[in-house]
2 protein chains.
Amino acid sequence: MDTSSPSPPPCAINVLVVIFSLREDTLRVLLSANGNDWQLPGQPLAEAELLEACALRAFQQQVDSPEVYLEQLYTYGAINAPGRQAVSVVYFALLPADSRIETAGGLHWFRIDELPPLRDNHAEIVAYALRRLRYKLEYSAVGFELLPEEFTLTELQHTYEVILGEKLDKRNFRRRILEAGIIEETNRRRMRGEGRPARLYRYRPDAVAEVKARRLFP
Amino acid sequence: MDTSSPSPPPCAINVLVVIFSLREDTLRVLLSANGNDWQLPGQPLAEAELLEACALRAFQQQVDSPEVYLEQLYTYGAINAPGRQAVSVVYFALLPADSRIETAGGLHWFRIDELPPLRDNHAEIVAYALRRLRYKLEYSAVGFELLPEEFTLTELQHTYEVILGEKLDKRNFRRRILEAGIIEETNRRRMRGEGRPARLYRYRPDAVAEVKARRLFP
DNA sequence: AGAATAGTGTCTCTCAGACATTATTTG
DNA sequence: CAAATAATGTCTGAGAGACACTATTCT
């Protein structure tokens, strides 16, 4: 079998990015205006370009931030492409909560429970990305990507609560996260002016962050 | 932003399939000969074709089987494609153990621990597919896709042991899988000629098969 | 009767989850 | 000293894992 077809049909490979961040105490997605509806930021794949590089390009076209957590989500056979090949490779990106970023014009952070009409199958894509984010939160340390480098335990717990959409017990949360050895104390504290200052913690990237899922069968 | 570029560059979208099955008490992958080395079965995406349809086509070109479990794995920016766009969308397929299938010429079932030299990045792809299969086995009911419709508990346990590469306790295995309510008894038994005949069980596709992973944090 | 395989129950220990009070800081 | 937020420990119940013997069929 020869996988390099001699004369390939007309084709479009696009890379889309679902950008999540915590803003105003809610989980939000960055969308760009497109006529009457909205769409995910995206870029056509350039010649000989790596997929992740293209995703980063699509991200940085909208957001002025040098670093970002990017992960490939899924590839959709593009709809509305009769007579040619077409796919959308989708990535999701996580942006720290306090990052004061510049966003290009025509962009808006939408609450994930108040999305506007979206073009093509982008609503389906956002829904799937959210499911994956929630799921991933349960077995990996991906939640730290939504926080600044130093954070208090209360802030961390709050992040989890917002994404999972449920309240968590403060003592159990602290016990488990400290036992997991995944964060470390700093000597700094955060003064908010009122009440006792909270100790700041830092994520330990060297910690083994994936936990084995509980097996369905032995 | 306009995602439909006016004149797209030359392009190739290929779909590859990693086909797993249990043969001769080991987990194996189906590979096709390609000159001096071997490769994953694959097909170029046809015009306006769905990705999963293309994966099924690539599968059925090699294996005469009407039904198969297919799942999208990952999309790789194609290497060796200077001056054009190219991607490989990879699926993995699970084939029941006893299926007496016809395989086209130039194909071979390789043990996953004795792979031959593979073209391009196909070795990396197989390694990743195996990791995903093992991981998925732990939180979903994907293991049943590797078994015939009716099976004994010993066969089921054996399947898990082969894929996970470890021995499991018989009593714990049975207790947990029966408590999970994911399989049901049939009235039939399997006579192997020697020893006590084993009861046959059947997978209940209506059972909720995904189990929540244990959270890393509360 | 013997060989081969199927089938079954208990105990222990770890860990998740529920729960209320004390400690530190500012105004 | 009052208000605000941070920090801390115990008990209970569920479930994972270790472990050995009895039951059924065939020759």
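Just so you know, these numbers use all the heavy atoms, side chains as well, and skip hydrogens, waters and symmetry mates. Keep in mind it's a predicted model, so treat the numbers as computed, not measured.
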Closer than 4.0 angstrom, basic N to acidic O: yes or no for R202(B) and E149(B)?
no
Using whole Å, report how far CZ of R189(B) lies from P of dT24(D).
10 Å
Tell me whether the side-chain N or O atoms of R196(A) pair up with the base of dA4(D) as donor and acceptor below 3.5 Å, since no angle test is needed here.
no
In whole angstrom, give the distance that lies between atom CZ of F173(B) and atom C1' of dA16(D).
15 Å
Short side-chain donor-acceptor distance under 3.5 Å, Q43(A) and Q61(A)
yes
Measure from CZ on R174(A) to C1' on dA23(C) and round the result to the nearest Å.
13 Å
Identify whether any heavy atom of T154(B) sits under 4.0 Å from a base atom; if not, whether one sits that close to sugar-phosphate; answer base, sugar-phosphate or nothing.
sugar-phosphate
Let me spell it out: for each of L200(B) and E194(B), pick the nucleotide of DNA chain C with the closest heavy atom. Which residue's pick is nearer the 5' end?
E194(B)
Nearest of dA6(D), dT10(C), dT24(D) to any side-chain atom of R175(B)?
dT10(C)
By nearest atom, which of the nucleotides dG7(C), dG9(D), dA20(D) is closest to the N172(A) side chain?
dG9(D)
For M191(A) and for R171(A), find the nucleotide of DNA chain C with the closest heavy atom, then tell me which residue's nucleotide is more 5'.
R171(A)
Can you name the one residue among T159(B), L27(B), L137(B) that meets side-chain contact (heavy atoms from CB on, under 4.5 Å) with L164(B)?
L137(B)
Nearest whole Å is fine: how far is dC15(C) C1' from D169(A) CG?
15 Å
Take atom CG of L156(B) and atom P of dT5(C), then tell me their distance rounded to the nearest Å.
19 Å
Taking NZ, NE, NH1 and NH2 as the nitrogens, is one of them in E24(B) or R111(B) under 4.0 Å from a carboxylate oxygen of the other?
no
For K170(B) and dA6(C), what is the distance between atoms NZ and C1' respectively, to the nearest whole Å?
5 Å
What is the distance from CZ of R176(A) to P of dT14(C), rounded to the nearest Å?
17 Å
Give one of base, sugar-phosphate or nothing for R199(A), where a contact means two heavy atoms less than 4.0 Å apart.
sugar-phosphate
Would you mind reading off the distance between Q157(B) atom CD and dG7(C) atom P, rounded to a whole angstrom?
12 Å
Do we see a donor-acceptor contact under 3.5 Å between the side chains of R23(A) and S21(A)?
yes
